[in-house]
Structure formats: structure tokens, C-alpha cells
S.K.: 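This is the structure I have questions about; it appears just below.
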Amino acid sequence: MSLNILNYQHHRPLSVGFFERDPDKVAVDLIGRMVVRRASGATMAGRIVEVEAYFGEGDPASHACRGMTPRNAIMFGRAGMAYVYLNYGVHCLLNVVTGLEGRAGAVLIRALEPVSGIETMMKNRPVKRAVDLTSGPGKLTKALGIDLADNGLDMTVRESSLYVANGAQETRTVKASPRIGISKGEDMLLRFCAEGSPFVSKQ
DNA sequence: CTGTCGATCTACT
DNA sequence: GTAGATCGACAGG
């Protein structure tokens, strides 16, 4: 039980104010923070090493670029909520809503480095190589047991089964690059990675 | 190691 | 009907 999760900082979710900013600002600041998840009788945690920022109107790659739909409604809501959606009809992807209410914005969590609760993650998502456990947006939700039922979760309260906490100091450089897996809005540098992490996708 | 393809939901033409 | 914020299986080199 000498796990990082026991550090006091990890029990305090980041505040609404942290997320009430433009998604690119939030995205940069999320690198190195800890995603904490309580599910299946365990507590899991992973350090964020790859994210992407999505705006609303004016961002052609964003779900919210053409206004509200049943799927993306959460993106227009209060900052700090979980926006979980089904991608390609197969994978659940986790975002955190950013910005002021009424204005769409979110940060997609693309990769984590497992920190604690790794056995539970492996049960949720058995893999041969450790690096495959949480090295992708669809992989990490499976490992943490996150699905559509978690859409709209308030990630800013301590009782939540899912939140983001201050990580230990991130020493690695944060690198900006174009978002990947999209075909519009690739000119903007809205993907942010912890340089050198093996869990970050290539490119 | 590389490339291709199927899975199958939401939103848009 | 088609594309999409992905992944894993499989074929070939």
C-alpha cells in the first residue's frame, strides 16, 4: 500500500474553476495530472500523458461545431463534467467539459500511464504488453471501466467515482502537435503530450 | 514490422 | 448512404 494514490493531493479533485477556461489552456495543464477512478471495488489512477482540446463553433473537428445534439449536449454544460461518447459504434471516449456554461468545449483524454489499481485495469482489459493497457482513448476507458453510463458525471467533487487530481510534479516537457485521427482542423496545434512517454501514440 | 479491414452507433447529406 | 476524436485481428514481408 505504498501507492501514490494515498498522497493527500490525490484525494482532492481539480475545481470547477480549473476547467472554466478555454480547452487549449485546460489541456496543457492536464498533462501530468492524475485521473482517479473508483469502480469494481477498487481505486485506479493514471497519470495523463496525452490530451486533445476541442472547441465548439469554429472548430471543424469538434462534435459541437454545428450546435447541440443529444450526444454532445454535455459539452455545452458546466465545466468539469465528463463527456463520454461512443466512437465508431464501438469504443467509449472520455472528455472533460471546459469553459463557461452554454459555450461548448472539451478535452479528450487520449493516454494515461497506469499508477495504481493496475491489477483491476488488467482485469477490465487484459493485454500482453503493459504499454497497451492505457495507451489510447478507447483503451483507457475500458481499463478504467468507463462507459456511457458515466456521461455527465461531475468530476469536480470528491465523492465522484471519476475525477482528476493534482499529480506529482510533472518534470517532462509538454509538446504541442496537430490532433490525430481527424480530417478537419488539422492546422491547429491542439494535441498535447508528455514528451518521451511510451504511452503516447506515435506521430 | 507494415497495411487492410470489420465492428456498428451518431450525425449529417 | 457515408464518415467518423478507434482498436484488434489478420495477412504479408
Side-chain angles (χ1 to χ4, degrees), chain A residues 19 22-28 30-31 33 35 46 48-77 79-99 103-114 121-153 155 162 164 174-194 197-203:
Chain A
F19 297 104
D22 283 341
D24 54 337
K25 310 293 184 198
V26 176
V28 178
L30 278 177
I31 297 294
R33 311 271 180 177
V35 170
I48 299 174
V49 291
E50 182 181 352
V51 297
E52 283 177 0
Y54 288 87
F55 289 83
E57 259 188 55
D59 181 356
S62 172
H63 286 168
C65 73
R66 293 176 195 242
M68 200 183 295
T69 67
R71 179 178 68 171
N72 70 19
I74 293 287
M75 280 185 77
F76 293 80
M81 311 259 271
Y83 170 43
V84 182
Y85 77 95
L86 193 56
N87 188 43
Y88 289 98
V90 181
H91 303 106
C92 293
L93 270 57
L94 170 67
N95 299 250
V96 189
V97 175
T98 65
R103 173 129 189 174
V107 175
L108 170 70
I109 311 297
R110 288 193 57 90
L112 303 174
E113 290 180 356
M121 294 189 212
M122 286 287 255
K123 207 170 357 166
N124 290 339
R125 181 183 150 76
V127 291
K128 293 197 182 93
R129 305 179 308 158
V131 75
D132 291 327
L133 188 54
T134 53
S135 56
K139 299 177 189 175
L140 69 92
T141 53
K142 187 80 176 169
L144 296 179
I146 295 167
D147 61 25
L148 293 181
D150 298 304
N151 190 41
L153 266 190
M155 298 177 64
L162 179 66
V164 186
V174 177
K175 230 175 123 181
S177 55
R179 294 173 294 185
I180 59 181
I182 57 168
S183 60
K184 288 171 253 177
E186 293 167 284
D187 47 321
M188 296 176 278
L189 303 180
L190 294 177
R191 174 172 172 255
F192 303 95
C193 304
S197 171
F199 289 84
V200 169
S201 33
K202 322 287 186 227
Q203 252 178 76

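Note that this is a predicted model, so its numbers are computed, not measured. Reckoned from all heavy atoms, side chains included, excluding hydrogens, waters and symmetry mates.
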S.K.: Under the side-chain contact (heavy atoms from CB on, under 4.5 Å) test, which residues partner Thr98(A), sequence neighbours left out?
M.R.: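 In terms of side-chain contact (heavy atoms from CB on, under 4.5 Å), with neighbours along the sequence ignored, Thr98(A) is linked to Pro23(A), Val26(A), Val107(A).
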
S.K.: How would you list all residue pairs meeting salt bridge (charged side-chain N to carboxylate O under 4.0 Å, His left out) that involve residues 132-145 of chain A, not counting sequence neighbours?
M.R.: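 Found Arg129(A)-Asp132(A).
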
S.K.: Would you say Ile48(A) and Val35(A) make side-chain contact, with heavy atoms under 4.5 Å?
M.R.: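 Heavy-atom side-chain distance check passes, below 4.5 Å.
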
S.K.: Dot-bracket notation for DNA chain C is requested: 5' to 3', Watson-Crick or G-U wobble pairs only, both distances under 3.5 Å, with ( ), [ ], | and . as defined.
M.R.: ||||.|||||||.

S.K.: Quick one, Leu94(A) and Leu162(A) - any side-chain contact, counting heavy atoms below 4.5 Å?
M.R.: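 Yes. Closest side-chain heavy atoms under 4.5 Å.
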
S.K.: Sort and list the pairs that fulfil salt bridge (charged side-chain N to carboxylate O under 4.0 Å, His left out) and have at least one residue in residues 52-76 of chain A, not counting sequence neighbours.
M.R.: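 Those involving residues 52-76 of chain A are Glu52(A)-Arg110(A), Asp59(A)-Arg179(A).
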
S.K.: Contact boundaries of DNA chain C with chain A (under 4.0 Å, heavy atoms), 5' to 3'?
M.R.: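 Nucleotide range in contact with chain A: dG4(C) to dG8(C).
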
S.K.: Would you mind building the protein contact string for nucleotides 5-13 of chain B? One character per nucleotide, 5' to 3', B for base within reach (heavy atoms under 4.0 Å), S for sugar-phosphate only, - for untouched.
M.R.: --BBBSSSS

S.K.: Say you pick atom P in dG13(C) and the same atom in dC5(B); how far apart are they, in whole Å?
M.R.: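 Each nucleotide's P atom is 15 Å from the other's.
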
S.K.: Under 4.0 Å between any heavy atoms, over every strand shown, what does Leu108(A) touch: base, sugar-phosphate, or nothing? Just pick one.
M.R.: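 Leu108(A): base contact, heavy atoms under 4.0 Å.
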
S.K.: Using the C1' atom as the point on both nucleotides, what is the distance between dT10(B) and dG8(C), in whole Å?
M.R.: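 Between the two C1' atoms, the distance is 22 Å.
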
S.K.: Just jot down the side-chain contact (heavy atoms from CB on, under 4.5 Å) partners of Lys25(A), sequence neighbours excluded, or say none.
M.R.: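 Lys25(A): side-chain contact (heavy atoms from CB on, under 4.5 Å) contacts with Arg21(A), Asp22(A).
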
S.K.: Please identify each residue that fulfils side-chain contact (heavy atoms from CB on, under 4.5 Å) with Val97(A), with sequence neighbours left out.
M.R.: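 side-chain contact (heavy atoms from CB on, under 4.5 Å) list for Val97(A), sorted by chain: Ile74(A), Met81(A), Tyr83(A).
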
S.K.: Taking the P atom in each of dA5(C) and dT2(B), what is the distance between them to the nearest angstrom?
M.R.: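 To the nearest whole Å, 24 Å.
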
S.K.: Please examine the side chains of Leu144(A) and Met121(A), heavy atoms only from C-beta on, and report whether any two atoms are closer than 4.5 Å.
M.R.: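 Met121(A) reaches Leu144(A) side chain to side chain.
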
S.K.: Regarding Arg191(A), tell me which of base, sugar-phosphate or nothing describes its non-hydrogen contacts under 4.0 Å with the strands shown.
M.R.: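 Arg191(A): no heavy atom of the nucleic acid under 4.0 Å.
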
S.K.: Pairs under 3.5 angstrom only: tabulate donor-acceptor contacts from the side chains of residues 182-191 of chain A to other protein residues two or more places apart or in another chain.
M.R.:
| residue | atom | partner | partner atom | Å |
| --- | --- | --- | --- | --- |
| Arg191(A) | NE | Glu50(A) | OE2 | 3.0 |
| Arg191(A) | NH1 | Ser177(A) | OG | 3.1 |
| Arg191(A) | NH2 | Glu50(A) | OE2 | 3.3 |
| Arg191(A) | NH2 | Ser201(A) | O | 2.9 |

S.K.: Residues two or more places apart in sequence or in another chain: which of them pass salt bridge (charged side-chain N to carboxylate O under 4.0 Å, His left out) with Asp24(A)?
M.R.: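 Salt bridge (charged side-chain N to carboxylate O under 4.0 Å, His left out) list for Asp24(A), sorted by chain: empty.
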
S.K.: Mind checking Lys139(A) for me? I need base, sugar-phosphate or nothing, with any heavy atom below 4.0 Å counting as a touch.
M.R.: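 Sugar-phosphate contact only.
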
S.K.: What do you reckon, is CZ of Arg125(A) surrounded by more than 12 foreign heavy atoms closer than 6.0 Å?
M.R.: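 Count over threshold, so yes.
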
